[in-house]
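Down below is the structure, laid out as structure tokens.
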Amino acid sequence: MSVVTRFAPSPTGFLHIGGARTALFNWLFTRHHGGTFSLRIEDTDRARSTDEATTAILDGLQWLGLGWDGEVVHQFSRAGRHAEVAHQLLAEGKAYRCYCTPDELTAMREAARAEGRPIRYDGRWRDRDPSEAPAGVDPVIRIKMPHDGDTTIQDLVQGEVRVPNDQLDDMILLRGDGTPTYMLSVVVDDHDMGITHVIRGDDHLTNAFRQLQVFAAMGWPIPEFAHIPLIHGPDGAKLSKRHGALGVDAYRNLGYLPEALRNYLLRLGWGHGDDEIIDTDQAVQWFDLGAVGKSAARFDFAKLDSLNKHYLQQAHDERLVDLVVERLTAAGDPAPDSAALARLQAGMAGLKQRAINLVGLAEAARLYTGTRPVEFDEKAANLLDQTARQRLAELAPALKKLMSWNEETIEACTRAQAEFENIKLGQLAQPLRAALTGRTVSPGIFEVMAVLGQEECLARINDVQAAGP
RNA sequence: GACCCCAUCGUCUAGCCUGGUCCAGGACGUCACCCUUUCAAGGUGAAAACACGGGUUCAAAUCCCGUUGGGGUCGCCA
């Protein structure tokens with residue numbers, strides 16, 4: 001039987017990092033087995049679901065490179081089918097109408113809490129005669145859970161997990177207004193969509209036991225379950241807004257490459273020996289649910305950074321030029337002309353070696369895309385003291401005389417000048433760097449000069465002289 | 001509170017299922033040194049963990065029990 005999985009987010013916010021990993025694991029597992037990966041938007045909560053969130057989720061998945069198969073299923077559009085199933089269970093005596101009001105249920109829970117009893121619906125309408133129904137209350141439909149025995153799940157990640165059935169209360173399938181709840185919808189859809197493997201967050205593990213009863217009541221085959229551990233924040237608690245939990249779009253804005261995020265997320269909770277750098281093709285080949293760990297993992301930006309750095313260095317210069325220009329123009333910089341573009345392309349190899357994300361890369365790239373006069377940061381300005389300028393002034397004529405302008409000739413010329421003045425190369429190279437880039441940190445200065453071109457370099461050096469004492 | 005899950009360096013993990021090769025390996029981070037025109041990169045090296053307590057066994061990070069700690073779930077949310 002072919003594998004069919006699904007990623008089923010609710011469109012109540014952006015695609016957060018935990019969801020992204022769930023999607024990744026589903027995607028990887030499916031691709032590994034050559035199955036079908038479907039996307040289902042769980043929008044049965046009409047009040048909280050938004051189109052913006054749906055769009056954000058779709059965009060996020062696309063950016064991450066986690067494409068889905070077939071049409072996106074919008075769960076709410078299947079509400080009729082869900083209600084049909086609820087009524088079938090009602091007709092078969094496997095479900096019943098409950099006339100409790102929300103207030104009554106709240107009171108029930110509070111009482112249970114106060115008395116230290118388990119907080120569950122007590123089944124007060126389970127065997128009550130419908131003739132006792134109060135007027136003016138739209139009943140909900142609840143499923144009859146078994147009272148004896150226990151329910152066992154053979155979870156592909158968690159192993160065998162068993163829960164006593166008396167822990168399961170008669171949950172609501174259909175609300176008073178006739179709309180289905182998540183517990184019903186998810187089961188009906190998973191069945192109708194032919195889902196063979198339900199791979200989702202650990203927080204759904206306890207739900208699985210209740211959902212299992214719906215499958216059983218309908219006589220449907222039970223899919224395989226794999227509940228993967230949650231991602232925690234630095235404090236060890238479930239990642240949430242208060243940790244500044246970010247959507248994938250935020251990671252994108254922060255300048256992370258999708259392949260870096262994929263590799264990072266993969267290694268968070270899954271391992272393959274000592275392998276750390278695992279590209280997507282390799283991941284598809286290796287991925288298996290059995291190697292997913294059972295404990296939660298904390299999100300660590302430092303490690304993401306190091307992976308990002310790696311993938312940045314692997315990335316093609318053309319791609320990075322595009323990404324950098326995109327960022328620069330978005331930040332309000334004028335669109336670079338062809339000469340600036342050529343410099344950027346030529347200098348990208350040196351630039352990307354030092355960047356940890358696209359934000360920093362774009363910032364550093366201004367060295368090649370910016371126009372004169374260059375702006376100096378504080379350190380660079382301090383470095384360009386009287387002596388430094390003097391030295392640059394003495395170097396300039398020698399540079400001007402160079403007939404051939406490339407890294408080798410520039411370096412030879414500069415070294416000769418340093419030797420002539422009997423100073424260390426650094427004492428000349430740093431002022432040069434400051435004058436040409438406005439920074440004290442940059443790619444190799446001779447590389448920078450070669451990329452910038454003779455004319456531009458001399459002009460920038462001259463700018464420093466002109467700036468006065 | 002009830003139920004369920006988890007527990008190896010600061011962090012992610014390998015090893016655990018199939019006890020001995022583990023005075024516990026890798027990666028990120030940290031520190032030191034080397035290289036060096038800056039920063040990166042690179043090279044070399046260092047510090048750093050089997051939560052605790054009982055068992056079982058000739059032998060336990062590995063199996064069992066308990067304790068502690070952490071987490072998740074208990075909605076007419078998903």
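So you know, we letter chains A, B, ... as the sequences are listed, proteins then strands, and number each from 1. Please read all numbers here as calculations on a predicted model, not as lab measurements.
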Mate of B:A78 where both pairing distances stay under 3.5 Å, Watson-Crick or G-U:
none
Name the nucleic acid region contacted by [X], choosing base, sugar-phosphate or nothing; use a 4.0 angstrom heavy-atom cut-off, strictly under.
X: A:V161; value: sugar-phosphate
X: A:P229; value: nothing
X: A:F446; value: base
X: A:T44; value: sugar-phosphate
X: A:H227; value: nothing
X: A:G201; value: nothing
X: A:R117; value: nothing

Does the side chain of [X] get closer than 4.0 angstrom to OP1 or OP2 of [N] through an N or O atom?
X: A:R354; N: B:A41; answer: no
X: A:K294; N: B:C5; answer: no
X: A:R109; N: B:C74; answer: no
X: A:R210; N: B:C4; answer: no

Do the rings of [X] and [Y] sit parallel, tilted or perpendicular, given the 30° and 60° boundaries?
X: A:F301; Y: A:F299; result: perpendicular
X: A:F215; Y: A:F225; result: perpendicular
X: A:W286; Y: A:H272; result: parallel

Under 3.5 Å, is there an N or O donor on one side and an acceptor on the other linking the side chain of [X] and the base of [N]?
X: A:N207; N: B:A78; value: yes
X: A:D202; N: B:G72; value: no
X: A:K309; N: B:A41; value: no

Any carboxylate oxygen within less than 4.0 angstrom of a Lys/Arg side-chain nitrogen, looking at A:R162 and A:E160?
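A:E160 and A:R162: salt-bridged.
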Write down the distance between CZ (A:R298) and P (B:A7), rounded to a whole number of angstrom.
14 Å
Residue whose closest nucleotide on RNA chain B lies nearer the 5' end, A:R267 versus A:D45:
A:R267
